Amino acid sequence: MARDAALVEASVKKKVVAPRSWVLLDSTGETTILDADKYAIMHRVQIHARDLRILDPLLSYPSTILGREQAIVLNLEHIKAIITAEEVLLRDPTEENVIPIVEELRRRLPTINVAERTQGEGREHHDADAIEEEESPFEFRALEVALEAICSYLDARTTELETAAYPALDELTSKVRDELEQLLDDDDDMADLYLSRKLFGASSPVSGSGAPNWFAASPTIGSKISRASRASAATIHGNENDVEELEMLLEAYFMQIDATLNKLTTLREYIDDTEDYINIQLDNHRNQLIQLELFLSSGTVCLSLYSLVAGVFGMNIPYSWNDNHGYIFKWVVIISGVVAALLFIFIVAYARYKGLVGS
């Protein structure tokens with residue numbers, strides 16, 4: 001019985017999902033380290049397992065920006081984050097490339113009103129409301145920080161590649177560019193990224209009159225989303241398919257990434273042209289070596305013919321016509337040399353006539 005209990009306990013331990021390190025940033029810029037498994041994250045942000053699987057560093061997924069009902073899922077190279085209308089979850093906060101993003105989110109996520117309240121409440125109420133109206137929703141500020149970080153990362157890597165002339169040029173940029181282009185081409189996907197709009201629409205009364213019911217019941221929630229709700233009020237009460245604000249945000253970074261990709265493409269074309277030029281030079285030297293080999297081979301053939309005649313006359317075989325004809329040696333040497341030279345000249349002239357060698 002004890003052995004069976006130990007086996008059951010061991011099997012249960014094997015099924016336990018190892019927790020992953022996340023950093024949580026809220027609308028005030030406060031950070032909290034979370035060691036939560038995927039089921040806790042799924043329950044917190046209300047996304048499916050297939051969406052969370054995109055952020056798994058052990059799996060190979062392309063760069064992706066997904067808009068879900070209550071969250072935006074980001075997978076941009078080393079930036080793996082989940083953005084909601086109230087908080088940001090960033091994976092692996094201790095990674096070298098992620099630490100600056102956490103610091104930038106901590107600096108930029110707090111609204112102007114929060115900073116102003118720390119200095120005093122000397123401003124009038126209508127001025128504060130005007131500032132809030134001009135602010136972007138919380139999810140867009142977080143998305144902008146992520147896009148700025150990935151653009152800076154790609155620019156830095158591009159500079160390194162330009163310096164080192166590394167041949168693998170556009171694999172970093174093309175995936176992010178394609179994802180942004182696909183997102184810009186689909187208004188429905190961009191509308192899904194308006195988390196504050198959906199949250200406001202779900203929380204507002206149908207009649208549109210009076211204060212929302214959840215303000216009295218949960219003032220904490222109301223204070224968290226009031227700024228984001230008022231910031232997107234113009235688009236909330238208007239056309240729900242109006243994605244102009246997000247489109248302008250994405251287009252700015254799309255142009256920056258596209259410029260980086262064009263720079264990489266130009267560098268790749270320059271390297272290809274240089275490689276072609278080097279190959280042409282090598283082919284030219286190879287052709288010169290072939291010509292030299294042809295000349296040497298032709299001279300070897302002619303000398304072989306000359307050596308054949310010398311070998312015939314040099315054989316130790318008695319024959320009568322060699323008696324009293326000592327002058328024949330001179331004529332054999334002269335005639336054989338002339339024939340060999342004429343044969344060499346004929347071979348070279350024929351090769352030039354056929355275009356086998358240069359003039």
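Remember, it's a predicted structure, so these values are computed and weren't measured experimentally.
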ask   = Considering residues, nucleotides and ligands other than Q281, do more than 12 of their heavy atoms fall under 6.0 Å from its CD?
value = yes
key: Y61, OH atom: more than 12 neighbouring heavy atoms under 6.0 Å   = yes
Check whether any side-chain heavy atom of [X] lies under 4.5 Å from a side-chain heavy atom of [Y], and answer yes or no.
X	Y	answer
W22	L90	no
F140	E245	yes
V45	Q70	no
Y306	V333	yes

key: Residues that D283 engages under salt bridge (charged side-chain N to carboxylate O under 4.0 Å, His left out), provided they are two or more places apart   = R286
inquiry  = Would E77 and Y153 count as a side chain to side chain donor-acceptor pair (under 3.5 Å) here? Give the steps.
reply    = CA-CA 9 Å; E77 298 299 331; Y153 173 76; 5.4 Å; no
task = Taking side chain to side chain contact (heavy atoms under 4.5 Å, CB included) as the test, write out the residues that go with E30, two or more places apart.
result = D26, T28
key: Evaluation steps, side-chain contact (heavy atoms from CB on, under 4.5 Å), between F344 and L303   = CA-CA 9 Å; F344 179 76; L303 290 177; over 6 Å; no
Same apolar cluster (I L V M F W Y, side chains within < 4.5 Å links), [X]/[Y]:
X	Y	result
I335	L343	yes
L308	I334	no
L59	I41	yes
I33	I79	yes
V23	I99	no

Side chain [X], main chain [Y], donor-acceptor under 3.5 Å:
X	Y	value
T64	P62	yes
E139	T84	no
N75	I65	no
D51	I47	no

Would you give the length of the straight line joining atom [atom1] of [X] to atom [atom2] of [Y], rounded to the nearest 0.5 angstrom?
X	Y	atom1	atom2	result
E244	M248	CD	CE	6.0 Å
N262	T266	CG	OG1	6.5 Å
L261	F254	CG	CZ	9.0 Å
N287	L292	CG	CG	12.5 Å
E103	R108	CD	CZ	14.0 Å
T260	Y253	OG1	OH	13.0 Å

ask   = Does a salt bridge link D92 with K80, judged by any charged N lying under 4.0 Å from a carboxylate O?
value =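 No.
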query = Would you call R141 and E144 a salt bridge, taking side-chain N to carboxylate O under 4.0 Å as the test?
reply = no
Shortest non-hydrogen contact from [X] to [Y]?
X	Y	answer
G29	R106	O-CG, 3.2 Å
C302	A340	SG-O, 3.3 Å
A85	L195	N-CD1, 3.8 Å
L193	G67	CD2-CA, 3.3 Å
A351	L294	CB-CD2, 3.8 Å
L66	I54	CD1-CD1, 3.2 Å

request  = List the steps, then state whether side-chain contact (heavy atoms from CB on, under 4.5 Å) holds for L250 with L147.
outcome  = CA-CA 8 Å; L250 294 178; L147 291 175; 3.7 Å; yes
request  = Report the relative orientation of the aromatic rings in F346 and Y350; use parallel for angles under 30°, tilted for 30 to 60°, perpendicular for over 60°.
outcome  = parallel
message = Checking C151 against I257 for the side-chain contact (heavy atoms from CB on, under 4.5 Å) test, could you report, in this order, the C-alpha distance in whole Å, the side-chain angles of both residues, the deciding distance, and whether it holds?
response = CA-CA 6 Å; C151 288; I257 293 178; 3.5 Å; yes
request  = Dump the intermediate steps for side-chain contact (heavy atoms from CB on, under 4.5 Å) on I101 and H78, then the final yes or no.
outcome  = CA-CA 11 Å; I101 303 174; H78 57 277; 4.0 Å; yes
